[in-house]
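Input: a single structure, listed below in structure tokens.
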Amino acid sequence: MPTALIIGASRGIGLELVKQYRADGWRVIATARKAEDCTALTALGAEAHKLDVTDVEACAGLGWKLDDEELDVAFLNAGVYGPRHDGFPQQSDFDSVMHTNVLAAMRLLPIIAPMVASKRGKLAVLSSHMGSLSERSNPSGSLYRASKAALNSVLIDTALVHGPQGATCVAFHPGWVRTEMGGAGADISPEESAAGMRHTLATLPASEIAVYRNYDGKPIGW
Ligand SMILES: NC(=O)c1ccc[n+]([C@@H]2O[C@H](COP(=O)([O-])OP(=O)(O)OC[C@H]3O[C@@H](n4cnc5c(N)ncnc54)[C@H](OP(=O)(O)O)[C@@H]3O)[C@@H](O)[C@H]2O)c1
């Protein structure tokens, strides 16, 4: 039975990934930061672990808990948008967005990547098209854009270390998705986004270097 790890699975895209992999008969390990969300994940048949990705000890603790796991697929999904305005940036907003979207990846990806490499599996991060430097035409959401560009950089470095060992590293734009972050007016449902990313991962050839993909598999320029 293949195994998937979903980090940040309480709601939105992460929760939908858990539901779809379980429905396909996969073993699913999932994390959430609230106890009640872990209980709900367990009820879905997942093995749930409590994890706030900004908690350094909890990140290290996840590594101990998952020791010796071999993962076919792992998604680092947890993320925040931050302020919806582009006024003078506040330090607290910067710290919150960068801590959740970037520093957590710098801590968690080195823990998870060897578990993925051991199965020659796929390691995905929920980036965004807003993180693309080469395809950028709109400056709104500057802090979020910077965080996702930095996340892409962390993933590229992860692939340089763990790609040759067998981990195929993928930065995803999940689409503009109807979640709390994406809002009710977004283009696609979490079901479509999760199904697209799962299909893209399942059909993507192994790669030693990181790739950047839309949820439907179309390449995005870094
Ligand atoms: N929706 C879109 O249109 C869109 C577009 C591009 C990229 N993305 C990316 O896709 C990912 C998922 O987005 P979404 O739309 O599903 O967002 P969402 O509905 O706002 O869900 C965000 C998820 O991240 C978790 N999270 C946030 N901070 C966390 C922390 N410190 N520790 C652990 N978990 C944390 C949340 O957990 P809690 O419930 O505990 O808060 C929740 O499970 C994000 O990385 C986002 O940037 C989304």
Side-chain angles (χ1 to χ4, degrees), residues 5-20 28-41 44 46 48-62 74-84 92-93 95-109 112 124-132 135-136 138 140-152 154-155 170-198 200 212-216 218 220:
L5 168 68
I6 317 292
I7 293 186
S10 64
R11 55 190 164 91
I13 297 166
L15 176 60
E16 182 58 30
L17 285 165
V18 172
K19 289 179 181 172
Q20 292 192 13
V28 176
I29 306 167
T31 78
R33 58 179 160 175
K34 298 187 206 87
E36 61 266 33
D37 293 327
C38 287
T39 304
L41 288 166
L44 290 171
H49 296 281
K50 199 161 172 292
L51 176 69
D52 182 332
V53 300
T54 64
D55 180 337
V56 62
E57 287 174 13
C59 289
L62 185 75
F75 278 89
L76 178 54
N77 173 75
V80 292
Y81 190 86
R84 293 283 169 175
S92 57
D93 289 333
D95 290 348
S96 163
V97 172
M98 289 296 184
H99 198 164
T100 307
N101 295 359
V102 186
L103 182 57
M106 296 180 85
R107 289 171 171 161
L108 286 166
L109 293 184
I112 299 164
V125 298
L126 269 288
S127 178
S128 168
H129 190 254
M130 290 177 74
S132 170
E135 298 185 8
R136 190 165 300 181
N138 176 341
S140 69
S142 182
L143 174 54
Y144 181 75
R145 286 179 189 279
S147 77
K148 293 300 188 181
L151 172 62
N152 288 349
V154 174
L155 186 77
V170 186
F172 267 123
H173 175 59
W176 182 25
V177 190
R178 290 188 289 276
T179 62
E180 285 185 39
M181 186 183 292
D187 286 339
I188 61 170
S189 66
E191 291 82 359
E192 290 170 275
S193 175
M197 290 190 289
R198 291 177 57 239
T200 295
Y212 194 8
R213 290 283 186 274
N214 199 41
Y215 73 99
D216 61 5
K218 289 198 189 78
I220 299 173

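Atoms within a ligand are numbered from 1 in the order they appear, just like the ligands themselves. We number each residue from 1, following the sequence as shown. Treat the numbers as computed from the prediction; the structure is a model and nothing was measured.
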Using modelled atom types only, decide if a donor and an acceptor are shared between the side chain of His129 and the backbone of His173 within a distance under 3.5 Å.
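Pair absent, no side-chain N/O of His129 close to backbone of His173.
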For ligand 1, what are the residues with a heavy-atom contact below 4.0 Å?
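For ligand 1, the residues that come within the 4.0 Å heavy-atom cutoff are Gly8, Ser10, Arg11, Gly12, Ile13, Arg33, Lys34, Leu51, Asp52, Val53, Thr54, Asn77, Ala78, Gly79, Val80, Thr100, Leu126, Ser127, Ser128, Tyr144, Lys148, His173, Pro174, Gly175, Trp176, Val177, Thr179, Glu180, Met181, Gly182.
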Provide the closest heavy-atom pair for Gly141 versus Tyr81 in the form atom of the first, atom of the second, distance.
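That closest heavy-atom pairing would be CA-OH, 3.5 Å.
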Donor-acceptor pairs under 3.5 Å, side chain of residues 143-152 to any protein atom, not counting sequence neighbours: which ones?
| residue | atom | partner | partner atom | Å |
| --- | --- | --- | --- | --- |
| Arg145 | NE | Asn138 | O | 3.0 |
| Arg145 | NE | Ser140 | O | 2.5 |
| Arg145 | NH1 | Asn138 | O | 3.4 |
| Arg145 | NH2 | Asn138 | O | 2.9 |
| Arg145 | NH2 | Ser140 | O | 3.4 |
| Ser147 | OG | Asn101 | ND2 | 3.1 |
| Ser147 | OG | Tyr144 | O | 2.7 |
| Lys148 | NZ | Leu126 | O | 2.8 |
| Asn152 | OD1 | Ser127 | OG | 2.8 |
| Asn152 | ND2 | Tyr212 | OH | 3.4 |

Taking only residues two or more places apart in sequence or in another chain, which ones pass side-chain hydrogen bond (donor to acceptor under 3.5 Å, both in side chains) with Thr39?
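None.
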Contacts of Arg11 that satisfy side-chain hydrogen bond (donor to acceptor under 3.5 Å, both in side chains) - sequence neighbours left out:
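Partners of Arg11 by the side-chain hydrogen bond (donor to acceptor under 3.5 Å, both in side chains) criterion, ordered by chain and then number, come out as Glu180.
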Can you tell me if CE on Met181 sees more than 12 non-hydrogen neighbours from other groups inside 6.0 Å?
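Correct, the count exceeds 12.
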